[in-house]
Amino acid sequence: MKSAGRKPTPSPPAWANRFLEWYCNPELLDEIQGDVLELYYREAAVSKRKADWKFIWNVIRFCRWKNIRKRKQQKYFNSTGMLQNIFKVAVRNFFRQPGHSLLNIAGLAVSFTAAVIIGLWIMHETSFDTFHHKPDQIFKVMSHVNANGTLETYGSARANINLEAIPEITEKAVVITGSRWPNELCFRPEDKPHECIYLFGIFSEKTFFSMFSFPVLKGDKNPLASPGNIAISESMAYKLYGNEDPLGKTIKIDDHFPVTIASIFQDVPVNSSLQFDFVLPTEVFARMRGLPPDFFSRDFLPVYFKTNTSITPGALTEKLNEPSILTDDLKKDKVSYSAFPFIKSRLHGEFVNGISSGGRIQYVNLFRIVAIMVVAMAVINFVNLSTARAANRSKEIGIRKVTGAQRLSIVMQFMGESFMIVAVALVLSVISAQLLLPYFSLLTNEPLSIGLLNISVISWIWVFLVLVTIAAGLYPAVIMSAFQPAQVLKGTITTRHSGAQQLRKVLLVVQVAVSLGIVIFTGVLFQQLSFIQKKNLGLDSENILHIEPTHKLLLQYDAFKNELLAHPQIKQVTATNADPVNLAIQTTGVSWPGMPDGMNAPFKLLGGNFEMAETFGLTLLEGRMFGSQPKDTLRIEVVVSESAVKRMNLEEPIGAPIRIGNPECTIIGVIKDFHTANLKQEQLPVILYPHDLLQCSRLYVKYAPGTTAEAFALIESVYKKYEPAFTMKYHFIDEAFDKMYKTERTASIMLVFFTLLSLVITTIGVVGLVTYNVLKRRKEISIKRVLGATSFQILRMLSTEFILLIAVAALAGLPLAWYSTTQWLSGYAYRIQMPWWIFGVALAGITLITLTMIAIQGFKTIRTSPAETLRNE
Amino acid sequence: MKGSYIGELEELVLLTVGILYPDAYGVAVMDELERQADRRLNISAIHAVLTRLEEKGMLKSSMSEPTEERGGRRKRIFTLTAAGKRAIEEAQALRAQMFNQIPKVAFQFKIVG
């Protein structure tokens, strides 16, 4: 048909012409192209440029539905038969190379399992507090204290904060939470009055149940309106009263104050950041602690509020800092308020210099990335293994094409096969995820709020299935369906797809880089955690049992102590008002002689009786510790840490008069610094002071090393003697220490799994590519062998390419690993030096694994006789 | 779309195809329309109308021999069918009939009042 004229005619833009030929229905092409060309030549005689434009314009104008090439409607007369055939072929192929297929499915299933579990965990973490009505309109008031230039953030505000001044705020509630007395109380079941069930609760105001969505099932809808009421959860009601109706019954708080059960509320969901079994009015809190009725106007307590419109936290913060709310005395103490969205309290709970700096969300994001990477790596393997096998299927594809299969139907066939494999892997992984979830909950120490049968989980799994099928199946399907039947059937074509080969190399590089990254990150994390564990805290945390005393026990403290100390296993007994390992009491209200004006330095306070320094093994540097009897002075004696001396810039610390708030104190001793918080935070100066024994909330008993069991039995029996009505509540102090790094520890265990997983997947990928390479070069290897190459030379030849790939992967992976670990480590005030050896070990390890795989595969080929490989030539 | 009703452009194209007999194809129809009726239309629009008229059964078509001025492409030559001829005649008659019913007075363009 191409009988174009010989005279030098101008020609229209080739691409436009090609575009026309591509889209145009072949039946209409002749007339349309003819007309367009005729007009073009006519115009081109005048102006070529104008003609070109007009040509393009016409081509575009002709591109309408009527003229577009349509795929011929396939008429499958025996479509079910064909489907059966395709299915049968897929199954046969699966079993023809069972090892390969299982490798493929196993790789996918393992990574999907990880992804499913992580997915559930992420959904659980992000679902926190979303069950409340309009959760984005609930806020918490945070207060920031300017301590020498940096802002210290506290999750509390003055309890009587005047929130009525802001018209958008409709409700306000103080919610007092905590993990010890008075939030943890002993309740006695009705039929067993000598038993003691410890349950956690909160104290709040009458707006509590209308502000938060904790549905009241029975009884008064607003139980906190009366100070003599208590609201309890369903399960608590069952524990205490069985199936009886508990409404109207009386409970004695601390065996002392009676309160009436006014209502029963639904058990608090797992994904609530407020966890409690009972709610008491704040008046009870005041009574229990012996606080004066006006404590609301002085004390800082957690304050929540709800707005009636959606308003940004920024705008609310501005309003909170107006003088009608932030009173002058607070301003003088350099306090400022901010509004923090309640919904963020789970994942964004950390503050640095007054600004929300993340928190758990960092780990959520870390695992989100890790899960995506692991799935991506498994998908890469699938693509690699499938394309490596393409040659085996080439004849089948050729026959299918010859007998009239269109490319699209072959693509669909291979997509279908991928779909089946991915679906099988996914089903396996969902089953194993279900089986593993209980162990996972053990690891995270809390049950997940979302199960696999949740609607959104199921729909996510479907989306995942489709996406992964497309990602894993499309490329192999396109590659395989592109075979030319004539070439394939003649047997001339092998898998000489240079594009496919390049891609597989790139994919392997990505895999190796990711594995390197994960391995290094995990290694650094472990180094840091063991650093934390071994770090000298300046405080003895081993062999100390922490007991929660009752009021009665504290009254008999001396007798209790003396009886314990009579036994050789018991070394020391002391009482404090706070946890020295995780010291929460902090103040900026310390003043000393020569303090610069307006300075607001933070100090930690620890109150206790005179033995505390000895029990915790604090080292005295100067002066003396507290005596058993206070010296005859009006001033309170305090012991300070060396950094406190430095902070106060005292030349002669002993005897220096300081003030903590109003009370006047004298420094009588200086001790070495010790860590009072987790190592993410800078050490703060500490002041120890003698505290009224009856106000102490913790007893610590130090016992001789190696006598844990005996000492424990002893302590329990002595406790029972002095406080028969209560079960002893105890903790080991190093547990409290470990608790501070719970997230890190959980993360590290999970990361170890991921490290192994990524290594396994990378190994599978390496094996796949090595096998393929060796297979492809079988003849080359045989010829070289015939010509006298040694095994070593051949292995070296096979390895060169992989060494190069690993080098490229290292170039990409190591800087990323360095960056992410530096970022993570920078969250710790006390951290290890970057352990470079981990980088080396990881790189060497991966190289070693690869070389081993090459050696194994290479020897297989080397061992077969060259004659066998070369015979068919 | 199919039916005996034809639009104004379709009527013009039918007439043009008649005039150009036996050489009516896309570009020729376009040129003729421009010359006679001063209607500038894109070639793709002409094609669309011609196809539509063929679907309505008013035109029939056959492919010509390839010619050099068209880069060796063939033309689709359109000719009127009986139905096509009847359609123009009906349109013509309808116009004449309606035109004749206009009272003479309506044509006396004077300034009224």
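Convention: sequence-line order gives letters A, B, ...; per-chain numbering from 1. Treat the numbers as computed from the prediction; the structure is a model and nothing was measured.
- Taking every heavy atom of both residues into account, A:Gly34 and B:Arg73 meet most closely at CA-CB, 3.4 Å.
- Taking the side chain as every heavy atom from C-beta outward, B:His47 and A:Phe62 approach each other to under 4.5 Å.
- Atom NZ of B:Lys75 is separated from atom CD of A:Glu31 by 13.0 Å, given to the nearest 0.5 angstrom.
- Atom CD1 of A:Ile455 is surrounded by 12 or fewer heavy atoms from other residues, nucleotides or ligands within 6.0 Å.
- Atom CG of B:Asn100 is surrounded by more than 12 heavy atoms from other residues, nucleotides or ligands within 6.0 Å.
- At a threshold of 4.0 Å, the pair A:Glu27-B:Arg76 does not count as salt-bridged, since none of the basic side-chain nitrogens sits closer than that to a carboxylate oxygen.
- Among A:Asp35, A:Val36, A:Leu39, A:Leu37, the residue making the largest number of heavy-atom pairs under 4.5 Å with chain B is A:Asp35.
- Distance check: B:Asp31 CG to A:Glu38 CD gives 7.5 Å after rounding to the nearest 0.5 Å.
- Between B:Ser44 and A:Arg61, the shortest heavy-atom distance links the atoms OG-CB, 3.4 Å.
- Atom CE of A:Met412 is surrounded by 12 or fewer heavy atoms from other residues, nucleotides or ligands within 6.0 Å.
- Other residues, nucleotides and ligands contribute at most 12 non-hydrogen atoms within 6.0 Å of the CZ atom of B:Arg95.
- Note that the CG atom of A:Asn67 and the OG1 atom of B:Thr51 stand 7.0 Å from one another [nearest 0.5 Å].
- We find the CG-CG distance between B:Asn42 and A:Asn58 to be 5.0 Å, quoted to the nearest 0.5 Å.
- More than 12 heavy-atom neighbours from other residues, nucleotides or ligands sit within 6.0 angstrom of NZ on A:Lys401.
- Heavy atoms of other residues, nucleotides or ligands lying less than 6.0 angstrom from NZ of B:Lys85 number 12 at most.
- For a residue to count as touching a neighbouring chain, one of its non-hydrogen atoms must lie under 4.5 Å from one of that chain's; by this rule A:Ile32 touches chain B with backbone and side chain alike.
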